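Quick caveat: nothing in here was measured; it's all calculated off a predicted structure.
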Amino acid sequence: MRSLKGDTLDPKGLVAEAYKIDGITPAECRSIFLDWALNLQGDSKEALTVLLNRHGNEDHPMTQVMREGLTASERPRRRGGWRSRERT
């Protein structure tokens, strides 16, 4: 069994391997992305930006998943509820 080795941005080499799998589905990419995110040490936004520049094939489902991860990593904005209403 071959051990996967990566770098500080992709420690297990999961993202790199995802791009090598022919016919990988978006669901499989999301699963790989979750595993990658749980093992990441550091800023995910910075890591995703570098990994997209490194691997970002526009037609690959992993690229789409990572782009979604970039937008999801932005701070959520409160859109409603009693705390957002003006108090008198």
List in chain and number order the residues that pass side chain to side chain contact (heavy atoms under 4.5 Å, CB included) with E28, two or more places apart in sequence or in another chain; answer none if no residue qualifies. I24, T25

To the closest 0.5 Å, what do you measure between CD (E58) and CG (L52)? 8.5 Å

Using the rule that Ile, Leu, Val, Met, Phe, Trp and Tyr join whenever any side-chain heavy atoms are under 4.5 Å apart, tell me whether M62 and L34 fall into a single cluster. no

Partner residues of F33 under the ring pair (Phe, Tyr, Trp, His ring centres under 6.0 Å) criterion, sequence neighbours left out: W36

For residues 30-41, the salt bridge (charged side-chain N to carboxylate O under 4.0 Å, His left out) pairs (sequence neighbours left out) are K12-D35

Donor-acceptor check, side chain of D10 to backbone of A16, threshold 3.5 angstrom: yes or no? yes

Could you name each residue pair satisfying ring pair (Phe, Tyr, Trp, His ring centres under 6.0 Å) that touches residues 46-66, not counting sequence neighbours? Y19-H55, Y19-H60

What's the separation between atom CG in L48 and atom CE in M66, rounded to the nearest 0.5 Å? 6.5 Å

With T49, which residues qualify under side chain to side chain contact (heavy atoms under 4.5 Å, CB included), at least two apart? N53, L70

Locate the shortest heavy-atom distance separating S44 from L40; write the atom from each residue and the value. CA-CD2, 3.5 Å

Sorted by chain and residue number, the side chain to side chain contact (heavy atoms under 4.5 Å, CB included) partners of R54 (sequence neighbours excluded) come out as D7, L9, V50, L51

Among residues at least two apart in sequence or on other chains, which ones pass side chain to side chain donor-acceptor pair (under 3.5 Å) with Q41? none

